[in-house]
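Numbering of residues begins at 1 and proceeds along the displayed sequence.
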Amino acid sequence: MSSTSPTTDDTPAELPAVREEILAYYARGKEDARIRRGSGRLEFWRTQEVLRRLLPTAPARVLDVGGGSGVHAEWLARDGYEVELVDPVPLHLEQAARLPGVTVRLGDARALPTDDASRDVVLMLGPLYHLPERPDRVKALGEALRVVRPGGLVVAATINRHAALHDLLKEEYYFDPAHRVHTDEVSATGRHADDGGLFTTAYFAEPTEVPAEFSEAGLVPEGQYGLEGVAWLMGGVEQWLDDPERREAVMSATRRIESEPALLGASGHVLTAGRRRP
């Protein structure tokens, strides 16, 4: 049964501060459609595919941290999982609360309103890349460790260090000098400043950084999966995804290289999986 209330009695009185520009960016309401159409579908379908391989058999208790409007919570609930979504954006909670089988709660990845060892799986498919400081990312992963049961699964998404460079080249924004300066800075430091339109404050990680942050938080890293491979950078990918036969070929090709160390950074996003020690 869905919950229409974004708060409960045990929600912390004061959440960690989320940057205003991040809240404003997601309050525009565009995130729900981002991976439901166009080339973004590749990220969605590949996330779904990888998670279905990693997740325990339903029913299991899944905490979807920073789950947005419920794009993934929706299919997880449909697959039979018990899904609670935590997010700091009120609009996202309103949207997700309408989904059958999904409960929602206002919260932040760094201070989860969830009991210790109470979930079989914790998903963090967005929070880490909106935490520019490493201690905050480790703290969020530590919260995932706290609320997942012994032996339970934690999966986190990160944006790759050079994703902006690749994307802006593909979209031809990189030929604009102002965009180029900003993008080159992101490639050098990983820090993406709010640009007033294309994206908001974020951290773009080297794939090798993430397992180290899992370990620092006390989790045991198990694997990494590049979601889009190089297919997302190819001009015909939207049309390929429209064609069922070509779509499967794209998925198969991307699956084939998903954990190749030399190619992890070519994807726009990487999933890193780990576990709490039994």
Could you tell me whether the side chain of [Y] reaches within less than 4.5 Å of the side chain of [X], counting heavy atoms only?
X      : Y      : answer
Leu198 : His179 : yes
His192 : Thr201 : no
Thr47  : Leu227 : yes
Thr272 : Val155 : no
Leu85  : Thr103 : no
Val210 : Gln224 : yes
Leu93  : Leu106 : yes

Which heavy atom of [X] sits nearest a heavy atom of [Y], and at what distance?
X      : Y      : answer
Ala156 : Leu128 : CB-CD1, 3.6 Å
Val230 : Ala266 : CG1-CB, 3.8 Å
Val86  : Pro113 : CG1-CD, 4.1 Å
Ala273 : Tyr225 : CB-CE1, 4.3 Å
Ala178 : Asp176 : N-OD1, 2.9 Å
Pro90  : Pro88  : CD-O, 3.4 Å

Quick one: [atom1] on [X] to [atom2] on [Y], what's the gap to the nearest 0.5 Å?
X      : Y      : atom1 : atom2 : result
Tyr81  : Leu63  : OH    : CG    : 15.0 Å
Asp136 : Glu213 : CG    : CD    : 10.5 Å
Leu76  : Gln48  : CG    : CD    : 8.0 Å
Leu141 : Leu219 : CG    : CG    : 6.0 Å

* Asked: Checking Arg46 against Trp232: charged group under 6.0 Å from the ring centre and within 45 degrees of the axis?
  ->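 Geometry flag: not set, cation outside 6.0 Å or 45°.
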* Is Arg161 positioned over the aromatic face of Phe204, cation under 6.0 angstrom from the ring centre and no more than 45 degrees off axis? ->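 Because its charged atom misses either the 6.0 Å distance or the 45° angle limit, Arg161 does not stack over Phe204.
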* His269 and Glu228: CA distance, side-chain angles, deciding distance, side-chain hydrogen bond (donor to acceptor under 3.5 Å, both in side chains) verdict -> CA-CA 7 Å; His269 301 78; Glu228 304 96 341; 2.7 Å; yes
Report, as yes or no, whether the 6.0 Å neighbourhood of atom [atom1] on [X] holds more than 12 heavy atoms from other residues, nucleotides or ligands.
X      : atom1 : value
Arg246 : CZ    : no
Arg36  : CZ    : yes
Gln239 : CD    : yes

* To do: With salt bridge (charged side-chain N to carboxylate O under 4.0 Å, His left out) as the test, would you mind laying out the steps for Asp242 and Arg247 before giving the verdict?
  => CA-CA 7 Å; Asp242 289 336; Arg247 178 194 313 150; over 6 Å; no
* Using the side-chain contact (heavy atoms from CB on, under 4.5 Å) rule, take Leu23 and Val89 through it: C-alpha gap first, then chi angles, then the decisive distance, then the call. => CA-CA 6 Å; Leu23 294 174; Val89 180; 3.9 Å; yes
Could you tell me whether [X] and [Y] make a salt bridge, using a distance below 4.0 angstrom between a side-chain N and a carboxylate O?
X      : Y      : value
Arg34  : Glu43  : yes
Arg191 : Glu133 : yes
Asp87  : Arg105 : no
Glu209 : Arg134 : no

* Can you check side-chain contact (heavy atoms from CB on, under 4.5 Å) on Trp75 and Phe44, steps first, answer last? -> CA-CA 11 Å; Trp75 66 263; Phe44 172 64; 3.7 Å; yes
For the backbone of [Y] and the side chain of [X], can you confirm whether one donor and one acceptor N or O come within less than 3.5 Å of each other?
X      : Y      : result
Arg110 : Glu143 : no
Glu82  : Pro59  : no
Thr254 : Val250 : yes
Asn160 : Ala163 : no
Arg180 : Tyr174 : yes
Arg146 : Thr114 : yes
Arg137 : Leu131 : yes

* Which of parallel (below 30°), tilted (30 to 60°) and perpendicular (above 60°) describes His162 and His166? ->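 It falls in the tilted class, 30° to 60°.
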* **Arg52/Asp79 under side-chain contact (heavy atoms from CB on, under 4.5 Å): CA gap, chis, key distance, verdict** => CA-CA 9 Å; Arg52 279 180 168 151; Asp79 279 4; 2.9 Å; yes
* Evaluate the criterion salt bridge (charged side-chain N to carboxylate O under 4.0 Å, His left out) for residue pair Arg149 and Asp116; output intermediate values, then yes/no. => CA-CA 8 Å; Arg149 63 168 174 79; Asp116 295 356; over 6 Å; no
* To do: Give me the one residue out of Arg61, Arg276, Arg275 that meets salt bridge (Lys or Arg N to Asp or Glu O under 4.0 Å) with Asp120.
  =>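 With Asp120 as partner, Arg61, Arg276, Arg275 yield a single salt bridge (Lys or Arg N to Asp or Glu O under 4.0 Å), made by Arg61.
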* Asked: When you look at His130 and Tyr26, which way does the side-chain hydrogen bond (donor to acceptor under 3.5 Å, both in side chains) test go after all the steps?
  -> CA-CA 12 Å; His130 288 308; Tyr26 286 109; 2.5 Å; yes
* What about Met234 and Leu263, same hydrophobic cluster or not, with Ile/Leu/Val/Met/Phe/Trp/Tyr joined at side-chain heavy-atom distances under 4.5 Å? ->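 No, separate clusters.
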* Asked: According to a 4.5 Å side-chain heavy-atom criterion applied to Ile, Leu, Val, Met, Phe, Trp and Tyr, with indirect links allowed, do Val62 and Val50 form part of one hydrophobic cluster?
  ->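 The answer is yes; both residues are in one hydrophobic cluster.
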* Check the pair Glu49, Arg255 against salt bridge (charged side-chain N to carboxylate O under 4.0 Å, His left out), reporting the backbone distance first and the verdict last. => CA-CA 9 Å; Glu49 178 182 79; Arg255 188 183 310 126; 2.7 Å; yes
* **Any side-chain donor near an acceptor of the partner, Glu21 and Thr200, under 3.5 Å** =>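 Looking only at side-chain atoms, Thr200 and Glu21 do not form any donor-acceptor pair under 3.5 Å.
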* For Glu216 and Lys139, what are the C-alpha separation, side-chain angles and deciding distance, and is it a salt bridge (charged side-chain N to carboxylate O under 4.0 Å, His left out)? -> CA-CA 9 Å; Glu216 186 175 340; Lys139 184 174 184 179; over 6 Å; no
